[in-house]
There are 2 protein chains.
Amino acid sequence: MSVQERKERERAGRERLIVATARGLAEEQGWDAVTTRRLAERIEYSQPVLYSHFRGKREIIGAVALEGAAEMAAALRAATTAADGPRAGVTALARAYLDFAEANPAVYDAMFRLDGGLPFAQEDTPEPLKDAFAALLESLGRVAGGGVHPGLFTEVFWAALHGLATLTRAGRLPPEDAGRRVELLVDRLAVV
Amino acid sequence: MSVQERKERERAGRERLIVATARGLAEEQGWDAVTTRRLAERIEYSQPVLYSHFRGKREIIGAVALEGAAEMAAALRAATTAADGPRAGVTALARAYLDFAEANPAVYDAMFRLDGGLPFAQEDTPEPLKDAFAALLESLGRVAGGGVHPGLFTEVFWAALHGLATLTRAGRLPPEDAGRRVELLVDRLAVV
DNA sequence: TCGATTGTCTAGCGGTGCTAGGGTCACGTC
DNA sequence: GACGTGACCCTAGCACCGCTAGACAATCGA
């Protein structure tokens, strides 16, 4: 049995290596540069090995997305617990969200812009994704205001953050006023 | 001279045909299906003809984006002028924006999600793009509220709409509550 | 020690965006 | 009206993509 366990450990390790390498390559040169050939070369295996771990490139993106969701949830919670008061918490949350998107563009794309084959907004949505949304909900639910469903409010706030993150990075919004945009958003949306 | 003029007319007509065909194909089957081979086949010319009009696929996407921007600007203005009062105008604007994105997903992607090689938020930004933003600004500037720069407010509102449009279509947000999300957004952001 | 199983690799399929080079056709000129 | 010329378009092919069939080697259990 021990032999089999060792093999499973090695397989799991190689799978982590694939995900980490894909993520690193994507952050370095963008997802377009993450080809199965390049990825295989970097992990020093042949292409078909990738397909013994993942159904295809899409699933690799999905794996990176899940990893990123867990990190983002942690980052959001860390930012909000450090702040005092709901209002400051929301501002910190928004900043942390946009910082994460800016610091990890490829991971952010894997999560929210690319097709990683993951189900969203359903009961079979993977746990890390649900938890990332839960992290948003924890802070935002407190400033939804009376008579407004916390989940709905969170969706709207999240959409606004997502819009800011993607439009800014794509050069659709000038980056200078990013801070003022966040302030305005929190001012208007959050009910203290 | 007449011969040359006729040739230029024909060239311009063929260019319009390329853009219209690319757009149609993209709306039918998505941008992934818009390959240079398929596009060439549909316009009944060989691939290299495409490259005598556009530098590459990116520029074709850009051409579709410009066409879409003009249409969106018109749609937004039509929706707002039909409404009475700034508040109703903003609601109509938001609905029109999201309706346009839903009805023309491929065009919307060409404008805001894909790389069409167009400069945004700069002085050399093409006129249709500037005008689409101007159409947003005309309505939204009136509800920015005191002390808030209309342009900045428009950027934030636009980002929120963009987030709603993209996340909903990507299945990240359940489509049922779309209407309530718009109401909440307008309620909170717009200062009547 | 030997057969079976597991694992990995080489090679190749049909597709992509893009381009070099040759050939054809229509044009302006004599 | 015939002709040399130039603009135009197509065939063929490049290097790359995601993905997979089948050969081969290494390891395991009996």
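Just so it is clear, the structure is predicted and the values come from calculations on it, not from any experiment. Chain naming here is simple, since letters A, B, ... match the order of the sequence lines and numbering starts at 1 in each.
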Which side-chain N or O atoms in residues 18-25 of chain A pair as donor and acceptor under 3.5 Å with protein atoms at least two apart or in another chain?
| unit_1 | atom_1 | unit_2 | atom_2 | d |
| --- | --- | --- | --- | --- |
| A/T21 | OG1 | A/L17 | O | 2.6 |
| A/R23 | NH1 | A/E67 | OE2 | 2.8 |
| A/R23 | NH1 | A/E71 | OE2 | 2.7 |
| A/R23 | NH2 | A/E71 | OE1 | 2.9 |

Enumerate donor-acceptor pairs with a distance under 3.5 Å from any side-chain N or O in residues 146-153 of chain A to protein atoms, sequence neighbours excluded.
| unit_1 | atom_1 | unit_2 | atom_2 | d |
| --- | --- | --- | --- | --- |
| A/H149 | ND1 | A/G151 | N | 2.9 |
| A/H149 | ND1 | A/L152 | N | 3.4 |

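- A salt bridge does not link B/D187 to B/R180: none of the charged side-chain nitrogens sits closer than 4.0 Å to a carboxylate oxygen.
- When each of B/F133, B/Y108, B/F157 is tested with B/Y97 by the rule ring-ring contact (aromatic ring centres under 6.0 Å, His included), just one qualifies, namely B/Y108.
- B/D124 has no carboxylate O lying under 4.0 Å from a charged side-chain N of B/K130, or vice versa, which leaves the two without a salt bridge.
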Next on the checklist: How would you summarise protein contacts on nucleotides 9-22 of chain D per nucleotide, using B for base, S for sugar-phosphate only and - for none, with heavy-atom distances below 4.0 Å?
Outcome noted: SBB-B---BBBBB-

